[in-house]
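In this chain, residues are counted from 1 in sequence order. As a basis for the values below, the full set of heavy atoms in this structure was taken, side chains included, without hydrogen atoms, waters or symmetry mates.
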Amino acid sequence: MQNQAQEKGRWLTLTDLLAVQKLLSDRQLALTAGITLVADQNIQTWALNNWLNQQRLWGIWQGSELIGLLSAFPLADQQVELGYLLQREQWGKGIMTRALQEFLTQNPGPIYQATAKKENLASQKVLLKVGFKVINRGNNEITYRF
């Protein structure tokens, strides 16, 4: 992800907990990405700690600020479900496309799957640009595989 904004991506660790919490404090962004956050801050922290310990979150950094993340959760035999979100003020700049390309290059091997809501055309474009293919069209969502 070498561009004028110098975004960098990497697996997040426990030392990134506060940055992740700050990013996810935008409830509208979390809901748009399909993340349902529990109200109890202790449970949120516990869940994030688990995800960070298991290397399930890949951060997208612009300088020292976490502006987005990708989540990678195992499904079945060598399959991983990807999800992603990006600060709303960063939308439309190609950042998520670059971040997803970098992630896939640095983490080859499993079969990646991602789901986008039918009305989320930007997310669908990101997936198609980096080489995902449609495998299922549901009533409200489209599932892709890489």
Value rounded to 0.5 Å, distance of CD in E7 from NZ in K93: 9.0 Å
Side-chain donor or acceptor of N50 paired with backbone N/O of A47 under 3.5 Å: no
Enclosure of D77 CG (heavy-atom neighbours >12, cutoff 6.0 Å): no
Single-linkage hydrophobic cluster, 4.5 Å side-chain cutoff, V80 and I111 together: no
Flag side-chain contact, heavy atom, 4.5 Å: T45 against Q21: yes
Side-chain heavy atoms of K22 within contact of L66, under 4.5 Å: no
Check: E65 side chain, A19 main-chain N or O, donor-acceptor pair, under 3.5 Å: no
Distance (rounded to the nearest 0.5 Å) between L85 CG and L69 CG: 4.5 Å
Donor-acceptor contact present, side-chain Y84 to main-chain A114, <3.5 Å: no
Flag side-chain contact, heavy atom, 4.5 Å: V20 against W51: no
Residue pair V130 / Y144, side-chain heavy-atom distance below 4.5 Å: no
Whether R137 side chain and K118 backbone form a donor-acceptor pair below 3.5 Å: no
Minimum heavy-atom distance between W58 and Q106, given as atom pair plus value: CH2-OE1, 3.3 Å
Heavy-atom side-chain proximity of L48 to L24 below 4.5 angstrom: yes
Sub-4.5 Å side-chain heavy-atom contact between L29 and L23: yes
Side chains of S71 and E81 in contact at under 4.5 Å (non-hydrogen atoms): no
Interatomic spacing from CG in L57 to CG in D16 - rounded to 0.5 Å: 9.5 Å
Within one Ile-Leu-Val-Met-Phe-Trp-Tyr cluster: L75 and F146, side-chain cutoff 4.5 Å: no
Shortest non-hydrogen separation from E102 to G9 and the atoms involved: OE1-N, 3.4 Å
Neighbour count >12 (heavy atoms, 6.0 Å) for atom CD, E89: yes
Heavy-atom side-chain proximity of N136 to T115 below 4.5 angstrom: no
CG/N140: more than 12 non-hydrogen atoms of other groups inside 6.0 Å: no
Common cluster, L12/W46, ILVMFWY with side-chain heavy-atom separation under 4.5 Å: no
CG-CH2 distance between L70 and W11, expressed to the nearest 0.5 angstrom: 8.5 Å
Cluster link V126 to V134, ILVMFWY, side chain under 4.5 Å: yes
Shared hydrophobic cluster for L128 and W91 (ILVMFWY, side-chain gaps under 4.5 Å): yes
Aromatic ring pairing Y112/F103, orientation class (parallel under 30°, perpendicular over 60°, tilted between): perpendicular
